[in-house]
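Every heavy atom of this structure was used, including side-chain atoms; hydrogens, water molecules and symmetry mates were not.
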Amino acid sequence: MQKKLKLWDAIMLVMGSMIGSGIFIVSSDIMRNLGSGWWLVIVWIITGVMTVAAAISYGELSAIFPKAGGQYVYLKEIFGRRIGFLYGWGLFSVIQTGTIAAVAVAFGKFTAYLIPALNNAQPIFQQGEFKITYIQILAIFVIMLLTFINTKGVESGKFLQNLFTGSKILALIGIIVAGIFFVSNSYLSENFSAGLNAFNNLEKDSLGNFLQTGWKSVSGLTLFGGIASAMVGAVFSSVAWESVTFVSGEIENPKKNVVRSMIFGTSAVMVLYLAVNIVYLSTLSRDQIAFAADDRVAVSSALAIFGNTGTLIIALLVMISTFGCNNGLILSGARVFQTMSKDGMFFKSASENNKNQVPENALWMQGVWASVLCLSGQYGNLLDMISFVIVLFYMITVFGVIYLRIKKPELERPYKTWLYPVTPLIYLVIGTAFCVLLLFFKTQYTWPGLLLVLIGLPIYYFINSHKKDV
């Protein structure tokens, strides 16, 4: 593969893949679960520590295996083909394609916010609860457009990635500066006044709308369950940074630049996320954050900062953010399926590069399936269910760093995990607590997602039925 991506391009890919629509929405759910400004900040700090610890740990593996395919390659090389395939299967069936679909629909929804006629249009087709809307069609158009652009070569995808990532970073910084220095009525002291006391307000009416009937104090094990539930949204907003490992084969000096991009990129994004949440706490009261219309807490905050033009500004920002995020996901994801194909574990045609030296067939396969998920209307549920599995695969990969240190200490390690073994252990401890708590308090986020990935096992054995070593 041609080395067309420099360190700056890799950092933009990390940041662009991470910053999608989540940061503009999920803080409402966090506040409903914990009801305190301090706990809102703590959840984002815990998520930030997890994310950066994982990125630092992945760096060692990226230096040992500087190949396209990233996390899939790490798991295959360390734990065998079966685990590698299960990760790749989960990535294609839900994780990567489902995220692409969800982000594209978010783009469509915020476009419809600017164009009411699009939002109010009758469904193109409806049968019971299943319906196809113009928002979904717009989402599919965006996926197809970005897929087409990425088939024209890495340079095309790189240009879009840098342009849109740079734009949304500048826009976020603008909102942070305005929210900190130009707010006449700050709620910051009020939101921090409860200290470390936690509350929730999760009751719903028959239509699924939250009832603002009063906050209930929570403590003990229920508090830990609330933290885990709140972290689902924060974790989702902080994933996809590993996408840069998928294109390692196209990055200059991958043994150094992949780990640098992950550490610099994740650290910068988590600082931005924390600052944005301080703006929410400064511009909005607890109830305004928790019960923002459609959870669009960023829209409510922008309205408080900029007045009526705030909603227009934030809608444009989310459109830029989701467009750039999807470009990064589309650019990187196809490289995993190409690598799987070369290993005989995906469609054979996905292994081929086109005349522009990019995996065009893999790109279109990814794009078509993501479009199907857009039409299914189930992508959001799938993403919720897979959250447990995403962290589980992160944990297996981070554990791989420790496993390789014990089993193969002689391996050349151009980069070694900073503060080893403390850094990987931090992730494993927090990740284990997160997963165990979700098993008890958010069953709908765990077993269905785990079963969905395990469906890949019979597929794996069918694909490898003619091979002796599977």
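For W44 (side chain) and M270 (main-chain N/O), no donor-acceptor pair under 3.5 Å exists by modelled atom type. Looking at Q136, its side chain does come within 3.5 Å of a backbone N or O of C374 through a donor-acceptor pair. Between the side chain of Q366 and the backbone N or O of A334, at least one donor-acceptor pair lies under 3.5 Å. In terms of modelled atom types and a separation under 3.5 Å, the side chain of N33 and the main chain of M231 share no donor-acceptor contact. Proximity of a side-chain donor or acceptor of T397 to a complementary backbone N or O of F393 within less than 3.5 Å is detected. Not a single donor-acceptor pair under 3.5 Å links the side chain of Y394 to the backbone N or O of G431.
No side-chain donor-acceptor contact under 3.5 Å links S300 and Q288. In summary, the side chains of T245 and S62 do not present any donor paired with an acceptor at a separation below 3.5 Å, with no hydrogens or angles considered. Side-chain contact, Q71 with Y87: a donor N or O sits under 3.5 Å from an acceptor N or O. Side-chain contact, N197 with W38: no donor N or O sits under 3.5 Å from an acceptor N or O.
Every residue two or more places apart in sequence or in another chain was checked for a salt bridge (Lys or Arg N to Asp or Glu O under 4.0 Å) with E190, and none qualifies. With sequence neighbours excluded, no residue satisfies salt bridge (Lys or Arg N to Asp or Glu O under 4.0 Å) with K152. E60 is linked by a salt bridge (Lys or Arg N to Asp or Glu O under 4.0 Å) to R405, R413, counting only residues two or more places apart in sequence or in another chain.
Sorted by first and then second residue, the ring-ring contact (aromatic ring centres under 6.0 Å, His included) pairs with a member in residues 7-26 form an empty list; sequence neighbours excluded. Within the structure, salt bridge (charged side-chain N to carboxylate O under 4.0 Å, His left out) contacts touching residues 295-320 (residues at least two apart or in different chains) are R32-D295, D294-R296. Identified under the side chain to side chain donor-acceptor pair (under 3.5 Å) test for residues 318-328, with sequence neighbours left out: N150-N327, Q161-N327.
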Q) Given V297 and M31, is the side-chain contact (heavy atoms from CB on, under 4.5 Å) satisfied, shown in steps? A) CA-CA 11 Å; V297 61; M31 185 62 86; over 6 Å; no

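By the 4.5 Å heavy-atom criterion applied to side chains, V142 and F323 are counted as neighbours.
Applying the side-chain contact (heavy atoms from CB on, under 4.5 Å) test between L34 and each of N200, I227, L40 identifies I227 as the sole match.
Atom-to-atom distance recorded for S17:OG and E242:CD is 8.5 Å, nearest 0.5 angstrom.
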